[in-house]
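A short worksheet on the structure shown next.
What's counted below: heavy atoms across the whole structure, side chains too, no hydrogens, waters or symmetry copies.
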Amino acid sequence: MDNLIHIPARKKAPVTRTQVVKISADAYNALVDIYNESSLSMCALVSTIVLQSVNNIVFDKEE
């Protein structure tokens, strides 16, 4: 295992304001477990997780 997060690639335009994103119930419950151990707000926590994990993502592009 390479410890990287493999996801399919696609394009979406970046935004300049806060966006709402829906996640699965399982993902939300995992987030709540992390939130309950953290002093960060839910928004700050999710932002931190995403920004720190971005370098561990491999985009699997179809050829």
All heavy atoms of Leu40 vs all of Tyr35, minimum pair found to be O-CE1, 3.4 Å

If we ignore hydrogens and angles and just use 3.5 Å, is the side chain of Ser53 paired with the main-chain N or O of Asn56 as donor and acceptor? no

Identify, with sequence neighbours excluded, every residue that meets side chain to side chain contact (heavy atoms under 4.5 Å, CB included) alongside [X].
X     : result
Val50 : Val46
Ser47 : Cys43
Asn55 : none

Which ILVMFWY residues can you reach from Leu51 by hopping between side chains whose heavy atoms are under 4.5 Å apart? none

Which hydrophobic side chains are connected to Ile57, either touching it within the sub-4.5 Å cutoff or through other members that do? Ile5, Ile7, Phe59

Could you list the donor-acceptor pairs under 3.5 angstrom formed by side chains in residues 10-32, with sequence neighbours left out?
from: Ser24; atom 1: OG; to: Ala27; atom 2: N; distance (Å): 3.1
from: Asn29; atom 1: ND2; to: Ala25; atom 2: O; distance (Å): 3.2

